[in-house]
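The structure appears below as structure tokens.
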Amino acid sequence: MSILKNKWFILILNFCLSLMLFFIFASQYNLVHFINILFYVSSVYLIVFLILFIANGRFFDGVTFSFRRFRRSMSKQKDHLHEVEVQRLPSEMINKSFYRFTLFQGISLLIILIILLIIYYS
């Protein structure tokens, strides 16, 4: 098993990345600044997951299929290598393991963030 495929190792790596960004960019070393930087890192994972979720839900498939059909009908040269029905749709191109990976990383970092917020406010 590759070290980069281990989701727990990547989670620890993301936490260390947040610590490094905290020590590099924070004007003061306190918990609020670390929570802010951890929020930025976790929001990147959650935004990527939401984009994958929308594409996986077949939202773009109809639009993509229609544009491909329109381009094929308006094209002067008929290229039979790029048939509309043969080309893959956006929902078929999503890697399921990457989809689950971004979900796990985003939710795990968000849980750590919530725990830190509870510590800060108590």
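Computed from a prediction, not measured in an experiment: that's the story for all the values here.
In the hydrophobic clustering of this structure, V44 does not group with M20; members are Ile, Leu, Val, Met, Phe, Trp, Tyr whose side-chain heavy atoms approach within less than 4.5 Å, directly or through other members. A single hydrophobic cluster is seen to contain both I37 and Y29, as judged by linkage of ILVMFWY side chains at heavy-atom distances under 4.5 Å, directly or through other members. Residues F98 and I47 do not share a hydrophobic cluster, clusters being chains of Ile/Leu/Val/Met/Phe/Trp/Tyr side chains in contact below 4.5 Å. Under the 4.5 Å side-chain heavy-atom criterion for grouping Ile, Leu, Val, Met, Phe, Trp and Tyr, I24 is connected to F39 within one hydrophobic cluster. Following chains of ILVMFWY side-chain contacts shorter than 4.5 Å, one cannot reach L103 starting from I54, and the two form parts of different hydrophobic clusters.
Interatomic distance, CD1 of I94 versus CZ of F53, reported as 10.5 Å (0.5 Å rounding). Atom CG of N6 is separated from atom CG of L13 by 11.0 Å, given to the nearest 0.5 angstrom.
The two atoms that bring Q28 and H33 nearest to each other are O-CD2, 3.2 Å, heavy atoms only.
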Full working for side chain to side chain contact (heavy atoms under 4.5 Å, CB included) between F101 and N95: CA-CA 10 Å; F101 170 77; N95 187 349; over 6 Å; no
Side chain to side chain contact (heavy atoms under 4.5 Å, CB included) between L52 and V48, intermediate numbers included: CA-CA 6 Å; L52 290 174; V48 168; 4.2 Å; yes
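With sequence neighbours excluded, the residues that form a side-chain contact (heavy atoms from CB on, under 4.5 Å) with I12 are C16. Partners of F70 by ring pair (Phe, Tyr, Trp, His ring centres under 6.0 Å), not counting sequence neighbours: none found. N14 pairs by the side-chain hydrogen bond (donor to acceptor under 3.5 Å, both in side chains) definition with Y45, Q105, not counting sequence neighbours. Residues meeting the side-chain contact (heavy atoms from CB on, under 4.5 Å) test with T64, sequence neighbours left out: F60, R68, P90. Y99 is linked by a ring pair (Phe, Tyr, Trp, His ring centres under 6.0 Å) to F49, counting only residues two or more places apart in sequence or in another chain.
Residue F15 is tested with F34, W8, F9 for a ring-ring contact (aromatic ring centres under 6.0 Å, His included); the sole match is F34.
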Identify all side-chain donor-acceptor contacts of residues 106-122 below 3.5 Å with residues at least two apart in sequence or on another chain.
residue: S108; atom: OG; partner: F104; partner atom: O; Å: 2.7
residue: S122; atom: OG; partner: I118; partner atom: O; Å: 2.9
residue: S122; atom: OG; partner: I119; partner atom: O; Å: 3.4

